[in-house]
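Along the sequence shown, the residues carry numbers beginning at 1.
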Amino acid sequence: MTEQVQKPFLYVVVCAAGIAADVGELITAAQERNWEVGVIATPVAANGFFDTAAVAAQTGRPIRSAWRTPGEPRPFPPPDAVVVAPATFNTVNKWAAGLADTLAVATLCEAYGLGVPVAVLPCVADALAAHPAYQDSLIRLRGMGVRFGPPFAGEPGAGFGWEQALDLLGR
């Protein structure tokens with residue numbers, strides 16, 4: 001009997017930014033690189049920023065945005081890596097401060113304690129990116145080993161570069 005090799009499991013955390021509508025591009029790229037993918041969305045992102053039914057069909061798994069109840073089985077295995085794309089001002093700042101008030105941010109906070117590699121593609125307007133709290137958050141998260149792609153302010157016609165997140169993970 002041959003042993004089935006498990007594919008590595010990637011959590012994709014999706015935040016509420018317009019570019020989230022194209023998260024399927026990241027999922028396709030990850031699947032082409034032999035990842036299994038599960039999506040965790042912030043509550044706002046899950047409420048209309050991307051096609052949750054299409055993404056669930058693409059991954060073959062439900063989209064998570066809320067904690068499971070006691071006794072409910074875990075819908076995803078533990079992550080081998082996490083990608084946050086797009087990562088918003090709000091999520092980056094809450095994560096750096098350890099404010100785990102959503103499943104998405106709690107997952108990011110926990111990833112550090114588990115030693116799971118995390119790659120981030122920020123999508124933050126220039127005016128918000130200039131805020132000192134955001135700059136401090138980037139310093140803290142980089143100090144925790146989080147890998148950041150280039151900033152994206154949502155300029156029309158500019159590519160988001162979804163695959164850069166996977167490159168940051170080395171896959």
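The minimum heavy-atom distance linking Ala165 with Val83 is given by the pair CB-CG1, 3.5 Å. For Val105 against Ala100, the heavy-atom pair with the smallest separation is CG1-CA, 4.0 Å. The heavy-atom pair separating Thr102 from Pro43 by the smallest distance is CG2-CD, 3.9 Å. Across all their heavy atoms, Pro75 and Arg68 have their closest contact at CD-CD, 4.3 Å. Taking both residues in full, the closest heavy atoms of Ala45 and Ala16 are given as CB-N, 3.6 Å, listed atom of the first, atom of the second, then distance. Residue Asp126 comes nearest to Ala153 through the heavy atom pair OD1-CB, 3.6 Å, listed as atom of the first residue, atom of the second, then distance.
To the nearest 0.5 Å, the span separating CD1 on Ile27 from CG on Leu10 amounts to 9.0 Å. To the nearest 0.5 Å, atoms CE (Met144) and CH2 (Trp95) are separated by 6.5 Å. Summarising the geometry, atom CZ belonging to Phe50 is positioned 10.0 Å from atom SG belonging to Cys15; distances are rounded to the nearest 0.5 Å.
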I would like to know whether Leu166 and Leu26 meet side-chain contact (heavy atoms from CB on, under 4.5 Å); could you show each step before the answer? CA-CA 8 Å; Leu166 301 173; Leu26 171 59; 4.0 Å; yes

Under the side-chain contact (heavy atoms from CB on, under 4.5 Å) rule, what do Leu138 and Val92 come out as? Steps first, then yes or no, please. CA-CA 8 Å; Leu138 294 178; Val92 168; 4.3 Å; yes

Take Trp35 and Val12 through the side-chain contact (heavy atoms from CB on, under 4.5 Å) test and state the conclusion after the steps. CA-CA 11 Å; Trp35 288 98; Val12 173; over 6 Å; no

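Hydrophobic clustering, with ILVMFWY side chains joined whenever heavy atoms are under 4.5 angstrom apart, groups Val13 together with Phe148. Val82 and Leu121 fall into different hydrophobic clusters, defined by Ile, Leu, Val, Met, Phe, Trp and Tyr side-chain heavy atoms under 4.5 Å apart, directly or through other members. The same ILVMFWY cluster, assembled from side-chain heavy atoms under 4.5 Å apart, contains both Phe160 and Val55. In the hydrophobic cluster analysis, where Ile, Leu, Val, Met, Phe, Trp and Tyr join through side-chain heavy atoms closer than 4.5 angstrom, Val146 is grouped together with Phe89. One hydrophobic cluster, built from ILVMFWY side chains closer than 4.5 Å, cannot hold both Phe49 and Val14; they sit in different ones.
Here Phe9 pairs with Tyr11, Phe76 under the ring-ring contact (aromatic ring centres under 6.0 Å, His included) rule; sequence neighbours left out. Not counting sequence neighbours, the partners of Asp22 by the side chain to side chain contact (heavy atoms under 4.5 Å, CB included) test are Ile19, Glu25, Trp162. Listed by chain and number, the residues in a side-chain hydrogen bond (donor to acceptor under 3.5 Å, both in side chains) with Glu32 amount to none (sequence neighbours excluded). For Asp101, the salt bridge (Lys or Arg N to Asp or Glu O under 4.0 Å) partners at least two apart in sequence or on another chain are Lys94.
Using a 4.5 Å cut-off on side-chain heavy atoms (C-beta onward), Arg147 and Val120 make no contact. Counting only heavy atoms from C-beta outward, the side chains of Glu36 and Pro8 never approach each other to under 4.5 Å.
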Pairs under 3.5 angstrom only: tabulate donor-acceptor contacts from the side chains of residues 107-116 to other protein residues two or more places apart or in another chain.
unit_1: Thr107; atom_1: OG1; unit_2: Leu103; atom_2: O; d: 2.7

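For the side-chain hydrogen bond (donor to acceptor under 3.5 Å, both in side chains) condition, the pairs that include at least one residue of residues 129-141, sequence neighbours left out, are Asn93-Ser137. Residue pairs meeting the side-chain hydrogen bond (donor to acceptor under 3.5 Å, both in side chains) criterion with at least one member in residues 39-67, sequence neighbours excluded: Thr28-Gln58. Pairs passing the side-chain hydrogen bond (donor to acceptor under 3.5 Å, both in side chains) check and including a residue from residues 75-88, sequence neighbours excluded, read Thr88-Thr91.
In the hydrophobic clustering, where aliphatic and aromatic side chains (Ile, Leu, Val, Met, Phe, Trp, Tyr) are joined below 4.5 Å either directly or transitively, Leu99 stands alone.
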